[in-house]
Amino acid sequence: MFIRVQKVRQAGRVYEYVHIVEGYRDADGKVRHRVVANLGRRDRLKDSGSLDNLAAAFTRLDPEPGSYLCGALPLVAPVLERLDLVGIVDRACPMRGRAHLTHGEVIAALVANRLTAPRPMYDVMDWAQTYASNDWIGVPAGLLNDDRLGRALDALSGHLDEVAGALAMSAIASFGVDAARLHWDFTSVAFAGAYAEQEPGAPRIGFGHSSDRQGHRRQLKVAHATTASGIPLYGRVVDGSRHEGAETNTLLETLRNLAAPRRLLLVADSALVTTANLCACDTAAGSARIHFVSRLPRSFGYEEDALAVPLSAYTELNYCSQRSARLPKAERPTFAGYESAIDVVGEDKVTHHFRVLYVRGSEEAGAAAASRAKLLAKAEDGLARIARGLAARPRQDPEKVSRRVAKAVAAGRAGNWLRTEVVAGADRKLSLTWSRDDAAIAEAQRADGLYALITNMAPQGCTADRLLALYKDQFLSERAHHFLKGPLLVRPVFLKNNERAAALVQVCSFALLVYGLIEAQVRDAIAPALTIKALLPERRAARPTAANIFATFAGAGYQRARTTNGLVYIPDPLTSAQAAILGALGINSILPPQAEKAAAGYGIRG
């Protein structure tokens with residue numbers, strides 16, 4: 001069957017009628033056509049919206065023959081279904097009346113796109129055609145135009161926290177994710193463009209300190225709560241100019257609910273440590289009390305007390321990372337700690353007593369010394385250029401030369417360690433001399449590798465060794481942010497308003513959750529083994545990570561061929577690593593589910 005448009009002239013006007021036509025062979029074997037249904041005039045169908053409904057219905061009919069990619073969609077589609085992403089979004093953002101696609105279906109397509117081959121909004125339709133999205137998530141490619149994607153993001157933007165929280169609870173219920181310990185950290189997503197007028201109800205793109213060490217940039221901030229197994233369970237997008245500590249305070253109840261009925265252990269960077277946050281964690285009683293571990297900012301004034309403690313009072317801490325464990329024992333980083341305490345008075349005038357662990361790390365000390373040497377070298381290079389200029393042209397304006405010297409020292413951030421002098425001779429010739437301040441450098445060296453951890457857990461429940469190990473696992477959050485900005489390509493973002501921008505960043509957080517769940521599933525399934533053979537491109541065995549799992553399926557696909565027995569699905573040959581991953585997850589093949597269901601009746605093979 002096919003659609004045919006027939007033109008009819010009536011009273012000097014041309015009308016177009018839409019017919020459904022069937023092809024058949026007559027008794028003589030000749031191909032004939034007959035009209036099965038007259039759908040009506042084309043203009044009336046279009047005005048009533050029926051034409052769009054027909055077009056949407058036809059996109060869900062039998063697929064066309066051809067070659068299609070699937071990538072990691074065989075892994076992604078079952079996870080999206082178990083999470084009930086479509087249902088969660090549709091319940092939060094219901095559609096009005098009948099629709100060709102629900103908002104949940106569109107968001108699921110965007111998540112699948114980010115996990116397989118991230119594309120800009122205008123190119124998602126082409127991705128959906130290439131990857132046969134209708135086969136995997138029931139979303140026809142022809143309906144994923146950029147306008148429909150934008151409307152779905154608009155709808156989601158008013159329910160970001162609601163959907164993110166529901167999705168996290170679904171992951172806990174469906175996949176058994178342990179949320180009793182969460183690692184919390186922020187990162188920034190930079191934007192270009194003016195964004196002069198922004199919707200106040202959505203996170204606003206604003207100037208703030210960049211997490212990528214790029215100075216102050218126009219950005220949104222996104223935070224993730226990552227489990228001890230490395231699953232980015234919950235993500236939240238906030239204003240780009242908002243203080244991270246203030247934002248964390250509003251989320252403590254949400255994070256506590258994720259861990260319920262167990263007590264939450266929250267590991268965070270210094271963004272957690274404000275007076276309000278510390279008191280909020282420590283105020284509640286019983287299981288509602290939040291245990292936390294965080295790095296104490298220097299603004300709390302602990303450095304002078306820590307430096308006053310003699311080195312002999314520090315005790316060795318028993319901690320060694322997996323990376324350092326591969327080194328000879330003599331080359332491994334060492335850590336030493338000293339127990340102290342700090343009192344914090346809340347707004348209610350109640351004093352809270354917290355435990356503090358001063359830590360001295362050899363690896364951090366080496367990094368601080370190398371950084372200081374680099375800064376000094378940069379500043380001295382700038383001073384040397386000025387000195388060479390004065391040697392060539394000694395008669396210059398002293399004030400301008402002094403400003404250039406100050407700028408060179410400031411650019412190297414070495415003003416505390418260098419002493420400079422611009423000398424004017426009797427003949428008004430200028431010269432520049434400088435030297436390192438050995439006393440200031442020696443004082444700075446005393447603080448190399450020194451930092452402090454703060455917690456409300458007693459030593460009986462968490463030893464100093466355990467405290468340091470918990471904080472060192474904060475790399476789990478940083479790893480999640482690396483995936484967000486690497487394989488998932490959250491940037492660049494080209495969207496016209498802050499509502500859609502925030503919603504798209506949140507969609508990337510949803511994709512990050514799926515990313516982590518698949519990694520955790522594979523690792524649990526192959527246990528006690530730690531590696532999969534031939535997982536890397538050079539066919540070396542490796543521990544499965546989300547990145548190399550998804551890379552293994554890059555380029556995987558199948559063909560649809562029409563035969564006398566119907567439509568035949570022909571999968572690409574599997575590599576040993578692909579077969580091992582599919583077997584670990586209990587997935588039969590890289591063919592879509594409906595292809596396997598239809599195989600019995602129509603001879604479709606896989």
Side-chain angles (χ1 to χ4, degrees), residues 58-86 101 105 108-119 124-144 174 511 514-515 517-519 521-522 525-526 532-535 544 546 548-606:
F58 284 129
T59 59
R60 298 181 185 270
L61 294 179
D62 290 340
E64 296 181 357
S67 296
Y68 297 89
L69 294 174
C70 66
L73 285 177
L75 317 183
V76 171
V79 175
L80 293 178
E81 185 176 356
R82 287 180 64 183
L83 284 175
D84 191 26
L85 173 63
V86 174
L101 283 180
E105 290 176 317
L110 285 174
V111 170
N113 169 251
R114 289 287 154 180
L115 289 166
T116 51
R119 302 281 182 88
V124 170
M125 182 184 293
D126 182 65
W127 164 84
Q129 291 170 344
T130 304
Y131 280 77
S133 61
N134 196 28
D135 282 355
W136 294 101
I137 53 178
V139 179
L143 302 181
L144 291 175
S174 301
V514 177
Y515 212 60
L517 287 172
I518 291 174
E519 177 186 271
Q521 280 185 292
V522 173
I526 67 171
I532 293 178
K533 294 180 179 179
L535 185 59
N548 59 35
I549 290 170
F550 277 70
T552 298
F553 285 87
Y558 56 90
Q559 291 76 42
R560 295 196 200 112
R562 196 175 299 280
T563 70
T564 55
N565 294 326
L567 200 63
V568 178
Y569 285 71
I570 307 171
D572 292 347
L574 294 177
T575 66
S576 60
Q578 290 172 344
I581 293 170
L582 292 175
L585 297 177
I587 299 172
N588 295 327
S589 75
I590 59 171
L591 293 180
Q594 61 268 35
E596 297 175 4
K597 291 178 182 178
Y602 295 95
I604 298 178
R605 58 189 175 87

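Hydrogens, waters and symmetry mates play no part in the numbers below; they use all other heavy atoms, side chains included. For reference, positions follow the sequence shown, starting with 1.
Using a 4.5 Å cut-off on side-chain heavy atoms (C-beta onward), Trp136 and Pro593 make contact. Counting only heavy atoms from C-beta outward, the side chains of Leu143 and Glu105 never approach each other to under 4.5 Å. For the pair Leu582 and Phe553, the minimum side-chain heavy-atom distance is below 4.5 Å. Here the side chains of Leu115 and Val111 are in contact, with some heavy-atom distance below 4.5 Å. A heavy-atom distance below 4.5 Å is found between the side chains of Leu535 and Ile581.
Interatomic distance, Glu519 CD to Leu75 CG, rounded to the nearest 0.5 Å: 12.5 Å. Distance CD1/Ile137 to CG/Leu85: 9.5 Å, rounded to 0.5 Å.
What you find for Tyr558 and Pro571 is that their closest heavy atoms are CB-CA, 3.7 Å. Taking all atoms of both residues into account, the shortest heavy-atom contact from Ser133 to Pro140 is OG-C, 4.2 Å. In terms of heavy-atom proximity, Pro573 sits nearest to Gln578 at O-OE1, 4.1 Å. Nearest heavy atom pair, residue Ala577 against residue Ile532, reads CA-CG2, 4.4 Å. For the residue pair Leu73 and Ala112, the shortest heavy atom distance occurs at CD2-CB, 3.8 Å. For the pair Arg82 and Gln521, the tightest heavy-atom approach, listed with the atom from each and the gap, is NH1-NE2, 3.4 Å.
Checking each of Gln559, Arg560, Gln129 against Tyr68 for a side-chain hydrogen bond (donor to acceptor under 3.5 Å, both in side chains) leaves exactly one that passes, namely Arg560.
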Inset, instruction - Would you check, one step at a time, whether the test side chain to side chain contact (heavy atoms under 4.5 Å, CB included) holds for Val76 with Phe550? - result: CA-CA 10 Å; Val76 171; Phe550 277 70; 3.8 Å; yes
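For Thr116, the side chain to side chain donor-acceptor pair (under 3.5 Å) test picks out Trp127, with sequence neighbours left out. Taking the salt bridge (charged side-chain N to carboxylate O under 4.0 Å, His left out) definition, one finds that Asp572 meets it with nothing, sequence neighbours left out. By the side-chain contact (heavy atoms from CB on, under 4.5 Å) test, Thr130 pairs with Leu69, Asp126, sequence neighbours left out.
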